[in-house]
Amino acid sequence: MDRLCDEILQLILNELNDPVAFTLLTKRHYQFSQDSYVRASYFLARYGRIQALYWALGRGKLLNERVIDILLSCGAHLSRYLVQCAMHHYFRTQVPFIKTRWVRTIPLPVFAYFMSIAARMYGDIPVAKGEDDGSLLTLLLKQSRFPTEYRAAKWEQVRDVVEKYKFIPFSDRDPMMAQFPLVLAVEPRLLPYARSNGFNMDRKYRNFVFRRMFEKPAIMFESRADEIVHNVRELSRLDPDMFLSRTVAAEICMEAKTNEAAYTALKRLDKEGVLRFELAYLFLNTRSVTTSYTASVLRVLFKDFPSADLTVRLVLLLTVFLSEPTPVPSSLSLTSEQSTSLARYVEACHEEIESMDLGPLTRKDITDVLLSKFVPERFGGILEYARAILKFDKSEMDGIVTDVALGCLEIGCKGRMLKKLVEAHDFLGPVLASHIVRNYRIDLDDLPPMEDEQACKEYSAPLCADFMSRGRQLLGIEEATAGPVVQMAEPADLPNNVDGAEDGGESVGAEGESDGEEDPDDRDLEGDGDDEDLGAISQDTLSAMIRKDEMMPTRRRRYHELYTNYHDSIGKLPYPADYTQVGTWVQNHFGHLSAAAAVIRIHAVINQNYNVLHHHLYTPGGPALTTRVPTTLKQFKILARLGRSPSMGLYDDIEWGTEFYFSEEDYLTPEELSGGIVCTPSKKRKSRPRTTEQPIKCETSPTPGPSSSSSSASAGPSTARLADGAGSGSGKKRPRRSVANPVRSYVVPDSDDEDIADGRDDSLQRFAKKRRAETNMQRWIKHLTVLLKEEQKKYNEKKRRIHAAAPPGTKVKVPKTEFHKSLAFNLPRLRRSDRDKREKLYGADVPDEYYSESDEDEEYQLRTSTRAKRRKIEGKD
């Protein structure tokens with residue numbers, strides 16, 4: 001350290017927060033730290049020229065007259081505001097944001113020298129309480145909502161504070177650090193003087209500043225719009241990075257009727273070309289269109305900025321049909337001739353559509369409106385409008401109903417609408433079931449290849465998408481609220497058969513809205529280029545956002561949503577208040593053993609929609625296994641391909657004894673899987689076994705057999721096929737057996753019971769048979785073990801490949817897939833559960849494994865595990 005030059009010592013010193021220990025290492029270091037130039041360089045290099053004097057004044061033992069002179073000569077900024085705060089603090093006047101001793105550590109002669117320099121620079125300095133420069137700017141902010149002539153802080157005073165007296169916030173703890181951008185929003189003409197003092201306007205303050213420019217004044221005055229336009233022009237001219245974003249413009253549009261001055265100024269800026277975007281597209285998806293307030297705002301905007309865009313027209317039609325206060329009957333069979341309230345609703349909607357010049361409506365318009373997420377349960381008025389006003393006949397109405405029903409399948413929250421449509425139209429049930437099976441069935445070959453990890457991560461099934469999340473993350477508040485724009489098919493005839501109905505509505509199911517549909521505003525943002533961020537369109541009003549900015553603590557942006565009230569968030573939800581999942585309705589309507597329910601189950605497993613997977617927990621029937629859609633090995637294989645974690649409910653079903661199936665083909669007929677036969681709730685049937693049961697040959701056991709009740713409760717042999725697709729009698733290699741080993745007998749030594757010795761006791765034969773049978777849980781464990789071994793093999797290959805490609809000597813951690821980790825954790829749990837159940841039935845000497853897989857093995861030899869032998873020996877001892 002003694003050989004280091006002074007420049008290196010200075011660099012080391014600058015990096016230390018408290019250099020006292022460093023200066024006491026050697027005598028040379030101590031002498032080096034006593035140099036005034038070294039001390040001044042330390043404060044300038046570590047804290048910058050804006051805050052150098054503030055931190056130097058807090059280290060009184062290091063500060064002297066020479067250090068002050070060097071700091072000022074090297075560019076350290078000294079404002080009158082800093083001098084005023086220092087004098088207040090030194091002479092025992094409270095400074096709110098300073099909690100330390102600060103300048104009180106400075107000797108009086110040094111502080112007197114500091115005040116003499118400040119007096120030479122700024123003359124007579126006001127030192128009374130409330131007369132400092134920060135208080136003057138704070139007063140300007142408090143009176144910013146008043147007319148200019150009523151403000152106590154005049155322009156000349158404020159200009160002198162920034163230009164002549166070099167005002168700038170000198171500490172991050174000073175509240176003026178966050179308030180000074182607002183001062184520039186009120187008086188943009190101060191920006192050049194602030195820049196000359198060293199202030200740099202950060203882009204993160206942009207929306208914060210412009211919201212205050214357009215804030216509604218406490219007293220409205222005529223020149224308010226002119227003042228806003230002037231301030232926006234000046235700030236945009238002086239700083240190119242400060243421009244009005246679409247976020248603030250949308251918030252102003254949401255207050256078009258309550259803050260007329262700001263809205264008028266916004267329209268003037270749009271006509272003069274100051275805005276960097278088209279204002280006409282700001283209200284495509286701004287808020288829930290079900291409220292009357294939003295409807296009135298959107299109509300005002302459409303009147304001022306007419307547009308021929310189809311999405312704009314759809315939003316306005318939604319405001320007409322959804323915000324009409326006239327009550328509508330819930331029945332879909334009533335007509336306007338039978339119900340006066342329905343007739344009033346249809347007439348009111350017709351008058352509003354004609355007044356906004358949105359007519360005449362087409363079949364596509366009616367379908368798009370009905371496919372909106374926010375259409376209420378009483379949507380019979382919209383259908384009656386199509387029949388009474390548009391004069392659609394019965395075949396056209398049935399075609400609309402079919403298109404809407406097929407389009408609702410991919411919109412997760414439309415279960416209630418589907419239920420009402422199917423109850424009112426009997427032909428829709430077979431149409432929906434056939435359409436689901438024929439168009440949405442997923443096999444392993446339909447999934448992306450396992451090598452493409454990104455494609456597997458982004459893959460999602462079209463049905464049962466969880467509309468509460470997007471991309472495995474919770475939805476943001478800027479979710480679109482308008483309905484989809486659907487590609488309509490040609491009008492179809494009355495769908496008397498499954499094939500004809502499916503052809504008529506197939507395009508709706510393929511092109512309808514999905515829960516993960518991209519926001520049109522996001523597409524606009526992408527089209528604007530990457531040079532500038534025009535901002536996302538929010539769903540708040542300008543006043544609500546200003547209130548959040550005022551209430552939210554500094555540097556606590558992650559708590560932004562905590563400062564919202566009920567009315568701020570209710571219109572941001574991307575789903576209606578009362579809804580039913582489409583997947584839940586399909587399973588309840590068509591039955592848990594239907595082909596449509598099997599397809600829905602696979603889609604819910606892929607999308608990890610736990611509300612659909614475990615809907616039986618919320619039904620009156622309870623969590624009985626007989627009311628659930630069967631769990632199959634195919635579902636686990638699909639998750640293994642995608643690398644996603646199975647739901648814990650799948651493991652719970654296995655533990656509770658659900659029957660083992662390889663796929664839905666094990667309990668459905670080929671006709672059902674092709675969409676030809678629909679299983680309705682009234683058509684009850686049991687699962688169809690794939691093979692016939694073969695009697696299991698076994699030896700008798702001397703152990704007392706179970707009672708009839710326990711015997712009937714035990715699980716019988718599984719009837720599913722083997723993993724390789726072969727029958728139970730072939731294709732599976734048996735374990736090797738040694739003929740030299742003596743055949744073990746279950747005969748009790750010295751027993752006089754000939755029935756036991758000869759094996760003629762039927763109850764014991766049944767008990768031995770059940771003891772030898774393979775339960776559903778054992779079959780699940782066996783095949784899941786094979787699947788786990790395959791996953792481990794793939795992981796080892798991937799690990800070797802990555803390590804081979806890595807540079808020598810580097811350690812690369814290869815993560816396992818979520819499916820691999822989940823299966824490795826839950827498979828031992830299933831084994832323990834199976835072991836406990838068998839011990840309760842057969843005793844502590846129950847074997848761990850069964851090696852034979854054949855039902856025709858007459859020379860079966862039971863091999864117990866080492867652990868069972870050890871327990872048996874210990875019992876004898």
Side-chain angles (χ1 to χ4, degrees), residues 50-60 63 65 68 71-72 76-187 189-190 193-194 196-199 212 218 550 554:
I50 301 297
Q51 300 190 28
L53 270 173
Y54 166 73
W55 288 98
L57 291 174
R59 308 291 291 271
L63 195 64
E65 294 84 351
I68 295 175
L71 285 173
L72 295 177
H77 187 82
L78 178 60
S79 64
R80 192 175 73 167
Y81 177 54
L82 174 60
V83 177
Q84 291 170 333
C85 292
M87 294 174 67
H88 289 174
H89 190 266
Y90 192 85
F91 296 107
R92 309 298 174 177
T93 304
Q94 183 181 7
V95 179
F97 61 91
I98 297 178
K99 306 300 181 182
T100 61
R101 296 187 61 193
W102 195 35
V103 295
R104 295 171 187 169
T105 60
I106 303 176
L108 181 58
V110 178
F111 191 73
Y113 181 76
F114 172 75
M115 290 191 295
S116 64
I117 293 178
R120 288 198 301 267
M121 292 178 61
Y122 300 118
D124 188 15
I125 300 176
V127 294
K129 188 174 181 179
E131 293 184 0
D132 59 278
D133 296 342
S135 300
L136 182 64
L137 297 181
T138 304
L139 181 62
L140 176 66
L141 288 180
K142 291 181 179 179
Q143 299 179 351
S144 60
R145 300 176 63 188
F146 296 167
T148 307
E149 56 272 13
Y150 295 152
R151 296 174 185 171
K154 304 301 181 183
W155 157 246
E156 291 78 10
Q157 292 177 290
V158 177
R159 181 193 59 192
D160 291 342
V161 166
V162 181
E163 180 187 12
K164 184 177 178 181
Y165 302 121
K166 308 298 180 182
F167 177 88
I168 191 171
F170 55 83
S171 173
D172 294 333
R173 302 173 183 176
D174 190 355
M176 284 304 300
M177 185 65 75
Q179 296 176 0
F180 193 58
L182 297 180
V183 175
L184 300 180
V186 177
E187 286 291 350
R189 293 174 290 181
L190 297 175
Y193 310 125
S196 64
N197 296 336
F199 181 81
R212 285 306 185 105
E550 292 176 347
T554 308

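Excluded from the calculations below are hydrogen atoms, water molecules and symmetry mates; all remaining heavy atoms, backbone and side chain alike, are included.
- Counting heavy-atom neighbours within 6.0 Å of R101 CZ, excluding the residue itself, gives a total of 12 or less.
- Summarising the geometry, atom CD1 belonging to I125 is positioned 12.5 Å from atom CD belonging to E131; distances are rounded to the nearest 0.5 Å.
- Between I168 and F170, every side-chain heavy-atom pair lies at or beyond the 4.5 Å cut-off.
- No side-chain heavy atom of P107 sits less than 4.5 Å from a side-chain heavy atom of Y113.
- Taking the side chain as every heavy atom from C-beta outward, L108 and Y90 approach each other to under 4.5 Å.
- The two residues F91 and M115 make their nearest non-hydrogen contact at CE1-SD, 4.1 Å.
- Counting heavy atoms from C-beta outward, L63 and F114 have side chains that stay 4.5 Å or more apart.
- Pairing each heavy atom of V158 with each of A153, the nearest pair is CG2-CB, 4.2 Å.
- Around the NZ atom of K154, the shell of radius 6.0 Å holds more than 12 heavy atoms that belong to other residues, nucleotides or ligands.
- Looking at heavy atoms from C-beta onward, L190 lies in side-chain contact with W155 at the 4.5 angstrom threshold.
- Between V162 and D133, the closest side-chain pair of non-hydrogen atoms is not below 4.5 Å.
- The heavy-atom pair separating L82 from H77 by the smallest distance is CD2-O, 4.4 Å.
- By the 4.5 Å heavy-atom criterion applied to side chains, Q94 and K129 are not counted as neighbours.
- Across every non-hydrogen atom of G198 and I50, the tightest pair is CA-CD1, 4.3 Å.
- When every heavy atom of L71 is checked against every heavy atom of A56, the shortest pair comes out as CD1-CB, 3.9 Å.
- Remark: side-chain polar atoms of D174 are paired, donor with acceptor, to backbone N or O of M176 under 3.5 angstrom.
- If you take CD on Q179 and CZ on R212, they are separated by 9.0 Å, rounding to the nearest 0.5 Å.
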Scan the side chains in residues 135-142 for donor-acceptor partners under 3.5 Å anywhere in the protein, sequence neighbours excluded, and list what turns up.
residue	atom	partner	partner atom	Å
S135	OG	D132	OD1	2.8
S135	OG	D132	OD2	3.3
T138	OG1	G134	O	2.8

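- Taking the six-membered ring where tryptophan is involved, the planes of W102 and Y54 are tilted, since the angle between them lies from 30° to 60°.
- Heavy atoms only, all atoms of each residue included: H89 and I98 are closest at NE2-CG2, 3.8 Å.
- Here R189 pairs with E187 under the salt bridge (charged side-chain N to carboxylate O under 4.0 Å, His left out) rule; sequence neighbours left out.
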Show your reasoning for whether side chain to side chain contact (heavy atoms under 4.5 Å, CB included) applies to I68 and V110.
CA-CA 9 Å; I68 295 175; V110 178; 4.0 Å; yes
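- In terms of modelled atom types and a separation under 3.5 Å, the side chain of Q84 and the main chain of P126 share a donor-acceptor contact.
- Checked by atom type and distance alone, the side chain of R80 never pairs as donor or acceptor with a backbone atom of K166 at under 3.5 Å.
- Between Y81 and F167, the ring planes are tilted. Angles from 30° to 60° get that label.
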